[in-house]
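In listed order, ligands and their atoms are each counted from 1. Not measured: the values here are computed from a predicted model.
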Amino acid sequence: MLIKPPADIRPSEITPESVYRSRRRFMRESGTLAAGAATLVGPSAAGLPAEWLAARKVKPGEPIGEQMTSESDATSYNNFYEFGTDKGDPAKYAHELTVDPWTVKVTGEVERPGDIGLEDMLSGIDLEERIYRLRCVEAWSMVIPWIGFPVKKLIDKFQPTSDARYVEFRTLHRPSEMRGQRSIFSNIDWPYVEGLRMDEANHPLAIFAVGMYGKLLPNQNGAPIRLVVPWKYGFKSIKSIVEIRLTRRQPKNTWNVLQPKEYGFYANVNPNVDHPRWSQASERRFPTTLFKPNRIATRMFNGYDEVASLYKGLDLTQFY
Ligand code: MTE
């Protein structure tokens, strides 16, 4: 595969040498780097080896005064329909996905479209921990320490044109490794697609995550790179992204296409607008059991009031 990074980004210039060398050593030792593959694939198309994060400085997150969800709950109770519809399916089957090499294509309304490997994409970007509430539209919630960086930082590298009004994100489509995509019971038109308005994507709270709990993302949580938009229902936080497209028109998003009356494009957490089949006024906060559901009140924008100005004048009962 020919990988074409934006014209001004030369991997050899921007990957710190220590990281570059340690990753080559890792690849050689793990057998990823076959003799002839080096020139074809090169560092720009690779995923992130386990040691990569240890070589990076990560700014610690601000505690939010709420109990953090255990790592084992956050990595074993998941929604990732590409691996099945049961909450335990992603943890069971997501190891079947190969995340190295990994390339993200950035297209549409940008001055510098291109395909870029993860290390090149992340070079020069400061990683930070963000401890965020995650509120699923199904009325359960968690508090997760993500490791990532603002969406805006990546998008700006590709120079959006003045016509860019929305950002569309696509998950990998690889039925050979994603059993949910080859299931005859699936009614999803793969790949999973999500979208944000440009000003939402540019909001400092919207991040791309590459890690959680101090480690690289596990596959079931969307390795190697996913979106996290904490004031919206969890389905907006699309996993395992391979394509980012800047558009003039509002993108279609998977759940809205499937059930338009139940799931909107905006999907802002809103206790005042119920899902047609259940109330959104409260949520089960992990740790939760049948006998101790740990039910708490749901907050507008999931408690992130600083985004309210993005929706001034918008009727949130109509634009749910
Ligand atoms: N992304 C893809 N590609 N496929 C999915 O099925 N599920 C979404 C979102 N991102 C999903 C996805 C839903 S419904 C939720 S609640 C969150 O991922 C769950 O993220 P988590 O499993 O890391 O908690």
Pick from Glu82, Arg170, Lys239, Met178: the one approaching atom 4 (N) of ligand 1 most closely through a non-hydrogen atom: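 That would be Glu82.
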Side chain, backbone, both or neither: Val137 near ligand 1, heavy atoms under 4.0 Å: neither
Test item, Arg226 contacting ligand 1 (heavy atom, 4.0 angstrom): yes
Identity and distance of the protein heavy atom lying nearest atom 6 (O) of ligand 1: Tyr81 N, 2.8 Å
Polar contact flag for Ser237 and ligand 1 (N/O pairs, less than 3.5 Å): yes
Ligand 1-proximal atoms of Met142, by part, heavy-atom distance under 4.0 Å: neither
Aromatic ring pairing Trp278/His275, orientation class (parallel under 30°, perpendicular over 60°, tilted between): parallel
Parallel, tilted or perpendicular: ring planes of Phe169 versus Phe208, cut at 30 and 60 degrees: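 Phe169 and Phe208: perpendicular rings.
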Short N or O distance, Trp255 and ligand 1, threshold 3.5 Å exclusive: no
Under 4.0 Å to a heavy atom of Cys136 - the qualifying atoms of ligand 1, by number: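 Answer for ligand 1: 16 (S).
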Per-residue contact class, Asn79 against ligand 1 - non-hydrogen pairs under 4.0 Å: both
Nearest atoms (heavy-atom pairs only) where Met212 meets Ile144: CE-CG2, 3.8 Å
Close approach of Ser240 to ligand 1, heavy atoms, under 4.0 angstrom: no
Nearest-contact summary for atom 5 (C) of ligand 1 - protein heavy atom, Å: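 Answer for atom 5 (C) of ligand 1: Tyr192 CE1, 3.4 Å.
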Centroid-centroid under 6.0 Å between Tyr266 and Tyr320 rings: no
Qualifying residues under ring-ring contact (aromatic ring centres under 6.0 Å, His included), relative to Tyr213, sequence neighbours excluded: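 Once residues adjacent in sequence are excluded, Tyr213 has no partner under the ring-ring contact (aromatic ring centres under 6.0 Å, His included) criterion.
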